[in-house]
There are 2 protein chains.
Amino acid sequence: MSDFPDPRTGGYSPRVSKPESALLDFAVDRSSPVPLYYQLAQQLEGAIEHGRLAPGSLLGNEIELAGRLGLSRPTVRQAIQSLVDKGLLVRRRGVGTQVVHSQVKRPLELSSLYDDLQAAGQSPATQVRRNEIQAASAEVAAALGVAEGSEVVLLERLRSTYGEPMAYLSNYIPPDLLNLDTAKLEATGLYRLMRAAGVTLHSAQQTVGARSATPDEGKLLAEDPGAALLTMRRTTYDDKGRAVEYGTHIYRASRYAFEFQLLVRS
Amino acid sequence: MSDFPDPRTGGYSPRVSKPESALLDFAVDRSSPVPLYYQLAQQLEGAIEHGRLAPGSLLGNEIELAGRLGLSRPTVRQAIQSLVDKGLLVRRRGVGTQVVHSQVKRPLELSSLYDDLQAAGQSPATQVRRNEIQAASAEVAAALGVAEGSEVVLLERLRSTYGEPMAYLSNYIPPDLLNLDTAKLEATGLYRLMRAAGVTLHSAQQTVGARSATPDEGKLLAEDPGAALLTMRRTTYDDKGRAVEYGTHIYRASRYAFEFQLLVRS
DNA sequence: CAGTGGTCTAGACCACAGT
DNA sequence: CTGTGGTCTAGACCACTGA
């Protein structure tokens with residue numbers, strides 16, 4: 001029962017390779033406050049990302065992996081499960097756990113346009129066009145779960161990259177949630193300010209559609225009237241279920257598209 | 001140390017109610033092949049959906065719940081965790097597990113337009129416009145991971161509701177994957193046929209954008225030339241990482257929008 | 001048949017929240 | 001302080017896969 005690769009083996013099965021010896025490098029630090037399963041998950045994810053674990057390769061069975069790392073099987077399973085949830089690994093009973101064959105791109109998340117653009121190296125610029133208190137319309141009141149006519153903050157921002165407008169963002173925010181400093185809003189994104197103010201974002205309901213630009217919108221975004229715009233309406237909730245933000249945004253379809261990866265619910 | 005509610009207690013905390021006695025109804029069937037944690041998760045989900053567990057109500061601690069159901073704590077945790085992942089429950093250390101306050105709408109999933117429309121009671125109709133073998137263009141070959149010029153099935157369908165066109169769907173599919181019977185395609189959706197053919201859908205990479213309709217597209221969809229269209233480009237992968245479908249679709253923005261819920265990655 | 005993941009148990013100690 | 005969820009262990013039996 002040798003665990004070593006057979007030097008006489010010259011080829012690989014077409015879609016399944018042998019358990020990878022790259023796993024031998026793994027080790028956990030029991031003195032760290034980071035949970036053991038999380039340490040393992042991060043090392044696995046790193047190995048996959050850097051190609052040390054090739055797509056299609058088998059991880060080796062859970063019992064042996066646990067033994068080698070000095071962990072229990074449930075702990076190892078917890079690490080593996082978190083990567084299965086992310087779509088990086090696939091488990092098959094009777095076969096084993098293997099790295100998915102296709103490249104995983106971006107996971108789907110509650111995206112901040114600011115962060116998206118920054119991650120793409122586009123150094124976004126924000127101009128705050130309005131930042132004031134208004135009476136909530138029926139639509140806004142329904143979305144935020146407040147009384148119609150009660151005070152909400154209206155925030156309108158023009159987001160540009162490379163000196164060209166890209167999107168016009170309109171947000172409605174409960175006034176007691178946080179202080180919206182215009183200077184800070186022009187330096188970073190709304191979600192970052194919310195997180196810094198102790199708001200824990202939890203979920204969002206989104207609708208993505210399209211329509212033609214009105215003359216005013218065309219002027220704002222440097223598009224011809226009638227040009228196609230991408231529209232997004234979003235209500236964001238915190239971990240206690242409070243609506244913390246309602247937004248109606250328009251994007252220049254010539255310069256922006258939503259890109260994301262979905263996992264099938266099992 | 002009484003576990004009974006105090007009858008003198010008349011009021012509730014503003015956002016947190018007491019553990020619900022509705023949980024006393026729960027029971028698991030050990031003779032069923034359905035996993036115990038899954039049985040419990042379904043009963044919890046049902047109780048939340050039907051309002052027997054009110055938003056904000058506490059579930060009661062895991063140890064006690066496990067004891068009452070005759071389950072171990074890890075099993076109960078697995079059930080609760082699956083609902084936390086779905087966004088129905090929130091756990092807070094030192095406090096307990098409670099039902100989220102806001103209504104959860106649709107979870108995000110790999111949606112089939114056909115299923116979406118049927119769920120909305122719109123009884124969709126499909127007309128297959130093309131169903132033939134073609135040589136893969138560079139774009140299609142790259143998306144499907146096949147050689148440029150190799151054979152792929154090109155499928156073009158017009159999807160209508162209430163006798164009005166709604167979307168024009170163009171798909172490219174590896175020819176050896178399944179038989180695409182035109183009659184079946186007009187009676188159901190592509191994903192359902194794939195699942196019936198033993199294909200396990202796993203993930204998809206999507207891009208959603210917008211543009212103006214060309215004169216030809218306007219004619220197809222009964223829109224004026226220049227009208228705003230919603231566009232979606234999607235590559236779908238199976239559980240082994242094979243690309244099983246590449247599609248470029250256009251939707252009438254006047255009649256359709258993508259709606260979904262996102263959960264924040266923690 | 002042997003090997004894999006899927007499920008389940010009965011404990012344990014810890015960190016954090018609210019009193 | 002008490003009570004909660006967060007983490008972890010060391011086993012067990014079962015169902016499915018593939019040879």
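Because the structure is predicted, anything quoted here is derived from the model rather than measured. Chain letters run A, B, ... following the sequence lines, proteins first and then strands; every chain starts at 1.
- Rounded to whole angstrom, the span from the CG atom of Leu58(B) across to the P atom of dT4(D) amounts to 10 Å.
- Scored by the side chain to side chain donor-acceptor pair (under 3.5 Å) test, Tyr172(B) finds no partners at all (sequence neighbours excluded).
- For Thr97(A), a side-chain nitrogen or oxygen approaches OP1 or OP2 of dG5(C) to under 4.0 Å.
- For Leu40(B) and dT9(C), the CG to P distance is 11 Å, given to the nearest whole Å.
- In this view, Asp176(B) satisfies the side chain to side chain donor-acceptor pair (under 3.5 Å) rule with no residue, not counting sequence neighbours.
- Identified under the salt bridge (charged side-chain N to carboxylate O under 4.0 Å, His left out) test for residues 32-45 of chain B, with sequence neighbours left out: Glu45(B)-Lys86(B).
- The 5' end of DNA chain D is approached more closely, in terms of each residue's nearest nucleotide, by Gly96(B) than by the other of Gly96(B) and Arg30(A).
- For the segment residues 72-81 of chain B, residues with any heavy atom less than 4.0 angstrom from an atom of DNA chain C are, sorted by number, Ser72(B), Arg73(B), Pro74(B), Thr75(B).
- Dashed line: the shortest gap from a side-chain N or O of Asn61(A) to OP1 or OP2 of dT4(C) is under 4.0 Å.
- For Thr75(B), the side chain to side chain contact (heavy atoms under 4.5 Å, CB included) partners are Leu36(B), Tyr37(B), Leu71(B), Ser72(B), not counting sequence neighbours.
- The salt bridge (Lys or Arg N to Asp or Glu O under 4.0 Å) check on Arg77(A) picks up Glu62(A), with sequence neighbours excluded.
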**Q.** Secondary-structure string, 5' to 3', Watson-Crick or G-U under 3.5 Å, | for another-strand partners, for DNA chain C
**A.** ||||||||||||||||||.

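- By the side chain to side chain donor-acceptor pair (under 3.5 Å) test, Asp181(B) pairs with no residue at all, sequence neighbours left out.
- Looking at residues two or more places apart in sequence or on another chain, you find a side chain to side chain contact (heavy atoms under 4.5 Å, CB included) between Thr200(A) and Asp239(A).
- Of the residues Ile80(B), Leu65(B), Leu83(B), Asn61(B), the one that meets the side-chain contact (heavy atoms from CB on, under 4.5 Å) test with Thr97(B) is Ile80(B).
- Looking at residues two or more places apart in sequence or on another chain, you find a side chain to side chain contact (heavy atoms under 4.5 Å, CB included) between Ala136(B) and Val140(B), Ala141(B), Val146(B), Ser150(B), Val152(B).
- A close approach under 4.0 Å does not occur between any side-chain nitrogen or oxygen of Tyr37(A) and OP1 or OP2 of dC8(D).
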Check nucleotides 17-19 of chain C against the protein and report each pair of N or O atoms closer than 3.5 Å, with its distance, or say if there are none.
residue, atom, partner, partner atom, Å
dA17(C), O4', Arg93(B), O, 3.2

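- Under the side chain to side chain contact (heavy atoms under 4.5 Å, CB included) criterion, Asp29(B) pairs with Ser31(B), Ser32(B), Gln39(B), sequence neighbours left out.
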